[in-house]
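Not measured: the values here are computed from a predicted model. Ligands are counted one by one from 1 in listed order, and the atoms in each one are counted from 1 as well. Each residue takes its place number in the sequence, starting with 1.
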Amino acid sequence: DGPWITDVDGNRLLDLGSGIGVTTLGHTHPEVVAAAKAQLDLLSHTLFTVTPYENYVRLAERLGEHTPGSHAKKTFFVNSGAEAVENAVKIARAHTGRRVVAALDHAFHGRTNLTMAMNHRAAPYATGFGPLAADIQRVPNSYPFRDGLSGARAAARTIEYLEQRIGAADLAAIIAEPIQGEGGFVVPAPDYLTALQDWATEHGVVFIADEIQSGLGRTGTWFASELFGLVPDLVLTAKGIADGLPLAGITGRAEIMDSALPGGLGGTFSGNPVSIAAAHAVLDVLETGEPFAEAARIERALLTGLRELARDYASIGDIRGHGAMIAFELTEPGSTTPLAGLASKIAAAAAAQGILLLTAGSYSNVIRFLPSLAVTDAQIEVALGVIGDALAEYARA
Ligand SMILES: *Cc1c(COP(=O)(O)O)cnc(C)c1O
């Protein structure tokens, strides 16, 4: 219920991970549960491409209204985030007639064969699972804490790689998480993403924003792209879209979305009507605007509390994020040398106190908060207290 999970022994756990940013409105949100139950009584499946149904079409229209940009859009629904990434790549290749896809350093895009080749980390996502898909290139990202570059400088570096290692003539798409999730909530420097989008537009490359973790209210805006003034060609959604039911979407420029042959995109369970009904309930709640205010409140509470902790503990090297997507990175004081052991000790100490905290980061040295928007300031204070105790025990000041 809300931010709480009760386990088989009756322990109540404060869930600050929301199943990795899925139950954004909280566990068993009453409107979502009611919508899904009602839909189960009406229709649970037909196969949209054979026998379409209205709630799918209407959800596509609603996502088109809320994703960045006022251009004509279309949406295609699938079952998981990785499936959305795969389909975005298919669409971009069909549209451009080009092969290569560029992903950023510290990216995470999924666990299917294509997407595991796009991730920054081989271990554990690809190790032992090859051969990997061809024609994927990874290029430097913007990571202000580690590279110290302005958005313009970081974009120039990325673009140099794109031009020299791939070349626009072979490049179908650039894919980027506007705020990187598994990579450790890396927030790019201002103007970085728009510079990449501008370069992509100029060279006929499709720009894909993977908003699977950052989208739909999580960062206090409909989409994290808005925080950077970014209007991507394609926007991917999943995780929080149906508050726990499996659903994912690809929303994008109509002329790009229409590139595949009729029947070229599909899937038996794609756009399941029960998941779609739950997603409508999620959008109903988001459209009240209340979740955005809650995300802003959570951001204030977390940033204020973490900055206080950072004054006492120099191992907190960086604090970053937006809305209910906030993280801190643990490093040797005064350097960027990662302290992975400290992050896992803090997460374990929190779990022992009944608080579920997720780690993240390419160096496993980031603690990330992805609470449901139902979490209160008092609960956040308790969690920060437990983190402070763990830092007192394990960190050098
Ligand atoms: C979770 C995630 C994915 C993969 O989604 P699945 O539903 O697990 O396949 C892709 N991209 C990002 C940014 C994610 O956070």
Which of the atoms in ligand 1, numbered in the order shown and given with their element, are less than 4.0 Å from a heavy-atom of Gln213? 15 (O)

Per the side-chain contact (heavy atoms from CB on, under 4.5 Å) rule, which among Leu230, Val235, Thr221 passes with Pro68? Val235

Polar atom proximity, Ala82 to ligand 1 (N or O, under 3.5 Å): yes

Protein heavy atom at shortest distance from atom 6 (P) of ligand 1: Gly81 N, 3.4 Å

What residue and heavy atom of the protein are closest to atom 11 (N) of ligand 1, and at what distance? Asp210 OD2, 2.7 Å

Tyr363 six-ring centre to Arg146 NZ/CZ under 6.0 Å and within 45° of normal: yes

Considering distance alone, does some N or O of Glu182 sit under 3.5 Å from an N or O of ligand 1? no

Could you list the atoms of ligand 1 found under 4.0 angstrom from a heavy atom of Glu177? 13 (C)

Just need the protein heavy atom nearest to atom 15 (O) of ligand 1, so name the residue and atom and give the distance. Lys239 NZ, 2.6 Å

Ala238, portion touching ligand 1 at heavy-atom distance under 4.0 Å: neither

Run the ring-centre check on Phe108 versus His120 and record whether the distance is less than 6.0 Å. no

Taking atom types as modelled, find out whether Thr67 and Lys73 have a side-chain donor-acceptor pair closer than 3.5 angstrom. yes

Flag the pair Phe207 / Trp199 as yes when their ring centroid distance falls below 6.0 Å, and as no otherwise. no

